[in-house]
Amino acid sequence: MQQLNLLGGIRTQGSSSEQIGPQAFIFRGFLLDDAAQFLADLNGVLQVSPWRRMPTVRGWMSVDQSNCGPYGWISDKTGYRYSSTDPLSGQPWPDMPELWQQRAFEAVDAAGFKCFEPQACLLNRYRPKSKMGLHQDRDEEDLAAPIVSVSLGLPAVFLFGGLRRTDPVEKYLLEHGDVLVWGGVDRMRFHGVMPVRQENHELLGEQRLNLTFRRVQRR
Ligand code: MD6
Ligand code: FE
């Protein structure tokens, strides 16, 4: 699928990239050819650690979540943290599929970061009306490593702010197959996702999936 590229990004291999910060990039259509395999791999992951809605200090997350890799991000009444086991089963999280690691590495490389060995992949499932409030990703010990974010299924408007909660936010549409990479000076920027519109995606129906790959511990 060809992408219109009205914002002056550069074209790479039938997709295009858009720079949204000094060290933040959207690679449009980066995963279009791999989407079917990603979804097959995802089914395997979910058989071990199924979708669940996590409680927070003040209520509930608005998205269904799971994880794969050595660590998983969890929330409960006491706060957020990374855990090497799935609290539902007490067992380790499922392995991170090889293809996912490979593509995450390629995206980080394309964004100009040196190396990337993700230790956690957080899976988010948005139903229509699900959203993600403005937040910083600050539960990782290694804030030097970038984060890779994969979007599949329904589109969503991504809010990209500054280092303070009150800084102005820019809006970017993230669509099926897009990959977002950020790190460095952009690593601590506030960000969120507007409520997903009720629509039907040809592969995924009424859902948006977001996979984020993170380095948890310092190297
Ligand atoms: C989402 N993403 O796109 C939510 N965090 O559904 C995130 O919260 C996020 O996309 C850190 C880095 C990239 C992200
Ligand atoms: Fe985040």
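Being a predicted model, the structure only gives us computed values, none of them experimental. We count ligands from 1, going down the list as the structure has it; atoms in each ligand are counted the same way.
Residue Val193 approaches ligand 1 through these ligand atoms, each under 4.0 Å from one of its heavy atoms: 1 (C), 3 (O), 4 (C), 6 (O). Heavy-atom contacts of Arg208 reach the following atoms of ligand 1: 1 (C), 3 (O), 6 (O) (cutoff under 4.0 Å). Close approach to Ile147 involves these atoms of ligand 1, each under 4.0 Å from a residue heavy atom: 11 (C), 12 (C), 13 (C). Each of the atoms 1 (C), 2 (N), 3 (O), 4 (C), 6 (O) of ligand 1 lies under 4.0 Å from some heavy atom of Asn210. Of all atoms in ligand 1, numbered sequentially from 1 with element shown, those under 4.0 Å from a heavy atom of His135 are 8 (O). Proximity to Tyr126 (heavy-atom distance under 4.0 Å) selects the following atoms of ligand 1: 1 (C), 4 (C), 6 (O). Shown in contact with Ser149 at under 4.0 Å from a heavy atom are these atoms of ligand 1, numbered in order with element: 10 (O), 13 (C), 14 (C).
Where the criterion is an N or O separation shorter than 3.5 Å, residue side chain and backbone included, His191 meets it with respect to ligand 1. Taking distance alone, with nitrogen or oxygen atoms compared against 3.5 Å, Trp182 stays at or beyond that limit from ligand 1.
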**Message:** Ser151 vs Arg208, test: side-chain contact (heavy atoms from CB on, under 4.5 Å). Steps then yes/no.
**Reply:** CA-CA 7 Å; Ser151 293; Arg208 169 181 187 257; 2.8 Å; yes
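Counting only N and O atoms by type, the side chains of Trp73 and Asn67 include no donor and acceptor under 3.5 Å apart. At a cut-off of 3.5 Å, with distance as the only test, a side-chain donor of Asp41 or Gln37 sits close to an acceptor on the other residue. A donor-acceptor contact closer than 3.5 angstrom links the side chains of Gln217 and Tyr71. Using a 3.5 Å distance cut-off with no hydrogens or angles, the side chains of Asp86 and Ser49 do pair a donor with an acceptor. Using a 3.5 Å distance cut-off with no hydrogens or angles, the side chains of Gln102 and Glu98 do not pair a donor with an acceptor.
Ile147 and Leu31 are assigned to two separate hydrophobic clusters, defined by single-linkage of ILVMFWY side chains at heavy-atom distances under 4.5 Å.
Every residue two or more places apart in sequence or in another chain that forms a salt bridge (charged side-chain N to carboxylate O under 4.0 Å, His left out) with Arg214 is listed here: Asp137, Glu140.
Take the N/O/S atoms of His191: the one nearest the Fe ion (ligand 2) is NE2. Considering just the N/O/S atoms of Asp137, the one nearest the Fe ion (ligand 2) carries the name OD1.
The protein non-hydrogen atom at the shortest distance from atom 11 (C) of ligand 1 is Asp137 OD2, 2.8 Å.
Look at Asp64 and Arg53 and you find a salt bridge, because one of the NZ, NE, NH1 or NH2 atoms lies within 4.0 Å of a carboxylate O, short of that distance.
Heavy atoms of Thr212 found under 4.0 angstrom from ligand 1 belong exclusively to the side chain.
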